[in-house]
Amino acid sequence: MARTHREKAKVAPDDRGVRAAELRELIDYHNERYHALDAPEIPDADYDALVGELKQIEAEHPELVTADSPTQRVGAAPLGLFDEVRHRVPMMSLDNAVTEAELGAWADRLRRQLPDLDVDTLDFSCEPKVDGVAMSLTYVDGRFTQAATRGDGVSGEDVTANVATVGDVPHRLHQAAGPYPRHLEVRGEVYMPTVAFDAMNERQRAAGEREFVNPRNSAAGSLRQKDPTITATRPLAFWAYQIGEIDDVRPEDATGTGSANAWPPVRQSQALELLRAAGLPVSPDARRVTGIPAVFARCAQLAEHRHDFAYEIDGVVVKVDNLTLHDRLGSTSRAPRWAIAFKFPPEERTTRLQRIEVSIGRTGRATPFAVLDPVFVGGSTVALATLHNEDQVALKDVRPGDLVIVRKAGDVIPEVVGPAKNEPGAPKRRKPRWKFPTTCPSCGSPLVRLDGESDTYCTNIDCPAQRVQRIVHFASRSAMDIEGLGDQRVVQLVDAGRITDPADLYDLSADRLAGLEGYAEISVNNLLAAIEGSKTRPLSRLLVALGIRHVGPAVARATARAFGSLEALGNAPLEVLAAVDGVGPVIAGAVAEFLDNPANKVVLVRLGRAGVNTTEQSASPGADAGAGAPDGTLAGKSVVVTGTLEGYTREEAEEAILARGGSSPASVSKKTFAVVVGENPGAAKLTKAEALGVALVDGARFDELLASGSLPS
Ligand code: IVH
């Protein structure tokens with residue numbers, strides 16, 4: 001297997017441009033793991049450090065800032081499971097402050113930006129920062145019509161059907177606060193209360209099912225279900241905290257006086273009251289305070305009581321209360337200047353470090369990890385924690401037998417901070433420093449650390465531990481998705497010599513599985529069927545499955561779409577590959593190195609021979625309409641298609657509309673000319689079309705619509 005990680009060592013310390021490009025790729029990768037896949041790989045603190053390093057380089061060399069840099073954007077693009085919704089008002093992220101000094105620096109910036117005002121007498125809305133999934137809800141004439149995730153801030157996913165099952169989300173607004181705007185977009189957080197989360201995991205355990213990692217990830221996963229009846233079984237809740245788009249405030253309602261029940265609100269605290277009066281759940285712990293010292297005090301109070309909440313909070317969102325100042329302060333491309341998230345320090349616990357072991361990953365990297373006396377921290381029990389690499393163990397100076405501090409920085413990966421030397425229970429005489437092993441715990445080959453690198457590797461390409469990890473990754477959900485092929489089965493199959501690489505999976509047969517423990521006829525058939533089913537996955541999944549460095553789902557999709565087949569990708573010159581949107585020279589180099597490696601070539605040929613699909617459908621078939629192109633019957637008209645149309649794939653229907661000068665967005669809005677309704681239409685689009693009075697056209701009359709450009713009578 002290619003040792004692509006070595007590339008890092010080639011980066012000269014002063015080569016800032018290359019480092020910035022590498023950081024951008026890394027951050028994009030981790031953004032996708034966190035936001036789109038709900039499966040972060042590194043602690044928040046490490047992620048923040050990458051972003052911090054990139055910000056620093058960009059501050060020192062402004063010429064290196066690119067428009068698509070993650071420092072200029074929010075979150076990650078949606079995965080494409082649901083229809084796309086474009087946010088008419090971008091859904092931004094928030095800048096963070098983790099110390100009082102950083103909060104103070106934000107106040108200083110406000111002072112500079114508002115020289116005519118006394119920031120010490122300004123009002124602020126301090127709101128608990130609930131850790132869930134940001135959501136945009138749209139109400140048209142008081143009726144719930146759409147729910148969309150934040151996505152990359154510009155467009156998110158249409159999860160209306162799923163959010164409609166959340167009990168806290170009213171389907172109709174109350175009239176109590178007087179008339180509300182005809183078009184009201186409410187922003188807030190879908191979350192899972194901790195007690196409900198624990199009970200749900202209890203049920204999963206009892207049923208022998210996989211447990212959920214933490215409330216945030218299980219809320220995100222629950223919202224990403226294709227079947228809303230599954231979402232309905234998940235104990236989700238909602239807090240509203242912000243007004244997004246607000247249209248059509250009737251003149252008689254728009255007093256602009258800021259009186260408590262008048263839309264549009266002129267203060268954030270008033271907005272929260274109006275939302276509450278309209279029947280939306282608003283946190284009772286949101287408080288309006290005056291001046292920065294009072295903000296500090298409220299943050300400290302909430303930090304002290306963070307565990308008294310029925311849900312996880314990871315900080316306090318502080319917003320300038322006066323909404324007219326929001327316009328004056330404006331935003332950067334990523335976050336508004338009128339708000340800041342004061343993040344609580346990560347939760348820490350002490351426990352005994354029993355011993356340090358080393359695990360071997362799919363690239364051969366040897367990662368030391370701590371085996372701990374189990375301890376409850378950050379919402380789950382931790383018994384193992386990564387120590388990253390040899391230098392980190394030395395730097396932290398943690399030794400077997402020590403009492404150590406363990407933390408989880410608001411995500412799933414626990415880490416050892418260092419020894420708790422002065423705590424009661426700390427050993428009086430510590431054991432000697434731990435030494436990194438010189439041989440691989442799996443195959444006994446030498447472990448190698450090259451000069452200038454922090455990581456140590458097992459260099460034996462046939463190392464069973466590496467093989468296992470490569471195959472586990474290949475079969476994993478975001479890759480070839482071979483159900484029933486988890487760690488334990490792969491270990492068993494590798495140990496029994498039945499498989500050594502991913503291509504061997506496709507040579508498995510009932511005969512080759514015979515005699516293995518736990519393989520009754522049914523499980524043999526299920527596994528073989530799952531392997532067979534994986535042959536039809538698109539090329540983008542295969543690219544992820546191969547475990548090429550830096551190639552996550554987004555890069556894989558862009559690459560697969562750009563080239564259409566593995567063969568075309570293999571033949572593409574490096575510059576062409578690097579020019580693909582979202583790829584760049586570092587990723588292109590890694591892909592090329594992987595594909596050029598002789599051992600990888602053999603595996604790829606075998607996969608192809610086994611019948612594994614190596615192609616991807618192009619994103620825009622027939623883009624070259626050329627001569628004979630149809631007339632512009634739909635010029636300037638927006639036609640939304642929902643459900644299946646006879647004689648057209650989704651792409652062909654969209655192409656047909658585009659070819660006639662129209663547009664075919666993924667969601668219905670006031671500007672939609674018509675919604676074409678095929679078989680099994682989406683409930684959300686229909687509801688919204690009805691609410692907005694948009695014309696519905698029977699799918700069978702799509703051709704008439706195309707031909708005439710007017711609504712069939
Ligand atoms: S305001 C532009 N208010 O924190 C303003 N966000 O790190 C954006 N959050 O994306 C949001 N509680 O998911 C706001 N009271 C609150 C919040 C809150 C939690 C989340 C939200 C946001 C993230 C920013």
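Both ligands and their constituent atoms are indexed starting at 1 by order of listing.
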- Give the contacting part of Arg150 toward ligand 1: side chain, backbone, both or neither, where contact means a heavy-atom distance below 4.0 Å. side chain
- Starting from atom 11 (C) of ligand 1, locate the nearest protein heavy atom and write down its residue, its atom name and how far away it is, to 0.1 Å. Tyr241 CE1, 3.8 Å
- Message: Please verify the inter-ring angle class for Phe144 with His171; under 30° counts as parallel, over 60° as perpendicular, anything in between as tilted.
- Response: tilted
- side chain to side chain donor-acceptor pair (under 3.5 Å) with Glu304: which residues, sequence neighbours excluded? none
- Query: Is ligand 1 under 4.0 Å from a heavy atom in the side chain of Ser283, in the backbone, in both, or in neither?
  - Reply: neither
- Task: Nearest 0.5 Å please: distance from the OG atom of Ser283 over to the OH atom of Tyr241.
- Result: 12.5 Å
- Glu127 and its side chain to side chain donor-acceptor pair (under 3.5 Å) partner, picked from Arg287, Gln268, Gln242: Gln268
- Note on the structure: CG of Leu329 to OG1 of Thr324, rounded to nearest 0.5 Å, is 9.5 Å
- Ranked by distance from atom 20 (C) of ligand 1, the top protein heavy atom is Glu189 OE1, 3.5 Å
- Of all the atoms in ligand 1, which lie at a distance below 4.0 Å from a heavy atom belonging to Val130? 12 (N), 19 (C)
- Query: If you measure from atom 8 (C) of ligand 1 to every heavy atom of Met135, Met91, Met92, which option wins on shortest distance?
  - Reply: Met92
- Protein contact of atom 5 (C) of ligand 1 - nearest heavy atom, named by residue and atom, plus distance: Leu94 CD2, 3.7 Å
- Task: Ignoring hydrogens, just give me the one of Arg216, Lys129, His326 whose non-hydrogen atom is nearest atom 7 (O) of ligand 1.
- Result: Lys129
- Non-hydrogen atoms of Glu312 and Thr194 that approach each other most closely: CG-CG2, 3.9 Å
- With heavy atoms and a 4.0 Å threshold, my read on which part of Ala341 contacts ligand 1 is neither
- Lys NZ or Arg CZ of Lys226 over Phe82 ring: under 6.0 Å, within 45°: yes
- Query: Which of the atoms of ligand 1 are close to Pro336, meaning less than 4.0 Å from one of its heavy atoms?
  - Reply: 2 (C)
- If you count the atoms of ligand 1 from 1 in the order shown, which ones are under 4.0 Å from a heavy atom of Pro128? 12 (N), 15 (N)
- Ile340 to Asp95 - nearest heavy-atom pair and separation: CG1-O, 3.4 Å
- Atom indices of ligand 1, in the order listed, that fall short of 4.0 Å to a heavy atom of Lys319: 1 (S), 3 (N), 14 (C), 15 (N), 16 (C)
When the side chains of residues 133-140 are checked against the rest of the protein, which donor-acceptor pairs come out under 3.5 Å, sequence neighbours left out?
from	atom 1	to	atom 2	distance (Å)
Ser136	OG	Glu185	OE2	2.7
Tyr139	OH	Pro170	O	2.6

- Message: Suppose I only count heavy atoms of Glu127 and a 4.0 Å limit; which atoms of ligand 1 are within that range?
- Response: 3 (N), 15 (N), 16 (C)
